[in-house]
Amino acid sequence: MPKLTFATATYLLIATALWAGNAIAGRLLVGSISPITLSAARWGLAGLLLLPLGWRVFKPQSALWQNKKRFLLLGLFGVGSYNVLLYLALQTSTAINVTLIGASMPIWMLFIGAVFYQTKPNLLQLIGALVSLLGVAIVLTRGELATLLSMQMVIGDLLIMLATILWAFYSWMLSRPGSSTERQWPWAEFLMAQVLIGLLWTGFFDLFEIASGHAHLELNWWTGSLIVFVAIGPSLIAYRCWGLGVNGAGPTVAAFFANFIPLFTAILSAAMLGEPPRLFHGLAFALIVIGIWVSSKQGPTQSASS
């Protein structure tokens, strides 16, 4: 039975803090490396670092080959498409739009669970989602909610919406392994399978960026350092922690933790500018925590058939 424990919450917080760093790194790299090439470089390096620990998953007798279709989707939703869409969205959309739309993940998680996994959301989960979303809106508008009225939709907003929906599917798939024995695999082999297949998808998408003449990379110590960071922190460590968190708390509760990403992003950005945390940061943190607490109080969701 899924349960939110201190250890599970810690895993999810580590993942979201690292993904906040990924959003900052992605914005810093705009203009220095094209978005799909960045995703390919990130996961290519992550795969090389993980290979000494996870190579056995590709042996002929590995259970991976018995679940090829499942891992083709896991690699596409979690690695191949989400990151490509995120970096593409950062090219045209504002930070406020991208992170606010991404904060709709709990809503999508509840919807996908109800439609595709016969798991009805309860009232407390819906209330928790709205409270948590309000906390995100406060931090992104710096306490001035009227700012939302001036937001305009661009193509990047649609891309991050699609990315959020695909990530919700990915999280549900993690929590529902079906006949796959992946939870008994060594963690490195399970992650290695996702990384390599996701990298194949990314490489396929990168061919179109190269063919269109938009692929570019300005490699120096600064861009190289950022690529190493996103390959280790937001990739290997964060994905491992997110998988542990989803398996422990369930995909619905885990989704609420994604709302810490814009909060952590705002705090890290302010720290880089030498600005201390503001009162609205504390208010947003409190609302997000309350949303998580409320959503987890009524236990697991009920089957739609019950």
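By the criterion of side-chain heavy atoms lying less than 4.5 angstrom apart, applied directly or through intervening Ile, Leu, Val, Met, Phe, Trp or Tyr residues, Val115 is grouped together with Ile165 in one hydrophobic cluster. Leu244 and Ile237 fall into different hydrophobic clusters, where Ile, Leu, Val, Met, Phe, Trp and Tyr are joined by side-chain heavy atoms under 4.5 Å apart, directly or via other members. A single hydrophobic cluster is not seen to contain both Leu200 and Val57; linkage of ILVMFWY side chains at heavy-atom distances under 4.5 Å, directly or through other members, places them apart. No path of Ile, Leu, Val, Met, Phe, Trp and Tyr side chains, each step under 4.5 Å between heavy atoms, connects Val30 with Ile155, placing them in separate hydrophobic clusters. Residues Leu191 and Leu48 fall into different hydrophobic clusters, defined by Ile, Leu, Val, Met, Phe, Trp and Tyr side chains chained together at heavy-atom separations under 4.5 Å.
A donor-acceptor pair under 3.5 Å is formed between the side chain of Thr223 and the backbone N or O of Asn220. Judged purely by atom type and a 3.5 angstrom limit, Thr16 uses its side chain to pair as donor or acceptor with the backbone of Leu12. A donor-acceptor contact shorter than 3.5 Å links the side chain of Tyr239 to the backbone of Gly78. Remark: side-chain polar atoms of Trp43 are not paired, donor with acceptor, to backbone N or O of Gly203 under 3.5 angstrom.
By the ring pair (Phe, Tyr, Trp, His ring centres under 6.0 Å) test, Trp185 is found to be paired with Phe71, residues two or more places apart in sequence or in another chain being considered. Contacts of Arg70 classified as salt bridge (charged side-chain N to carboxylate O under 4.0 Å, His left out), with partners at least two apart in sequence or in another chain: Glu182.
Put simply, CZ on Phe190 and CG on Leu64 are 10.5 Å apart, with the number rounded to the nearest 0.5 Å. The line from CD1 of Ile112 to CE of Met105 is 9.5 Å long, rounded to the nearest 0.5 Å. Rounded to the nearest 0.5 Å, atoms CZ (Arg176) and CG (Asn247) are 10.5 Å apart. To the nearest 0.5 Å, atoms OH (Tyr82) and OH (Tyr87) are separated by 10.0 Å. Atoms NZ and CG, from Lys120 and Leu110 in turn, are 13.5 Å apart once rounded to the nearest 0.5 Å. Atom CG of Leu49 sits about 5.5 Å away from atom CD1 of Ile232, to the nearest 0.5 Å.
Val253 places none of its side-chain heavy atoms less than 4.5 Å from the side chain of Thr8. Between Thr202 and Val84 the shortest side-chain heavy-atom distance falls below 4.5 Å. Contact annotation: the side chain of Thr252 approaches that of Trp172 to within less than 4.5 Å [non-hydrogen atoms, C-beta and beyond]. Between Leu73 and Lys69, every side-chain heavy-atom pair lies at or beyond the 4.5 Å cut-off. Considering only heavy atoms from C-beta on, Leu226 comes within 4.5 Å of Leu28 through its side chain. Under the 4.5 Å side-chain criterion, counting only non-hydrogen atoms from C-beta, Phe229 is not in contact with Arg42. Under the 4.5 Å side-chain criterion, counting only non-hydrogen atoms from C-beta, Thr10 is not in contact with Leu13. Within the 4.5 Å cutoff, the side chain of Val230 has no heavy atoms near those of the Leu29 side chain.
Taking each heavy atom of Ser39 and Asn83 in turn, the nearest pair found is OG-CB, 3.6 Å. Closest non-hydrogen pair, Gly54 versus Met192, comes out as O-CG, 3.5 Å. Between Ala46 and Ala231 the shortest heavy-atom distance is CB-O, 3.5 Å. Ser171 and Pro251 make their closest contact through O-CB, 3.9 Å (heavy atoms, listed as atom of the first residue, atom of the second, distance). Taking each heavy atom of Leu53 and Ala188 in turn, the nearest pair found is CB-CB, 3.6 Å. Here the shortest heavy-atom pairing between Leu199 and Ala40 reads CD1-O, 3.6 Å.
Ring-plane geometry between Phe169 and Phe116 is classed as perpendicular, the angle between the planes exceeding 60 degrees on a 0 to 90 degree scale with a lower cut at 30.
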For residues 204-216, which side-chain N or O atoms pair as donor and acceptor with protein atoms under 3.5 Å away, sequence neighbours left out?
| unit_1 | atom_1 | unit_2 | atom_2 | d |
| --- | --- | --- | --- | --- |
| Asp206 | OD1 | Thr37 | OG1 | 3.2 |
| Glu209 | OE1 | Ser34 | OG | 2.8 |
| Glu209 | OE1 | Thr37 | N | 3.0 |
| Glu209 | OE1 | Thr37 | OG1 | 2.8 |
| Glu209 | OE2 | Ile36 | N | 3.2 |
| Ser212 | OG | Phe208 | O | 3.2 |
| Ser212 | OG | Glu209 | O | 2.9 |
| Ser212 | OG | His214 | ND1 | 2.8 |
| His214 | ND1 | Ser212 | O | 3.4 |
| His216 | ND1 | His214 | O | 3.2 |
| His216 | NE2 | Gly31 | O | 3.4 |

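Between Tyr170 and Trp242, the gap from one ring centroid to the other reaches at least 6.0 Å.
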Stepwise side-chain contact (heavy atoms from CB on, under 4.5 Å) test for Thr181 and Asn67: CA-CA 9 Å; Thr181 59; Asn67 299 277; 5.6 Å; no

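Annotation for Phe77: atom CZ counts as buried by contact number, over 12 foreign heavy atoms lying within 6.0 Å.
When each of Leu18, Leu50, Leu45 is tested with Leu236 by the rule side-chain contact (heavy atoms from CB on, under 4.5 Å), just one qualifies, namely Leu50.
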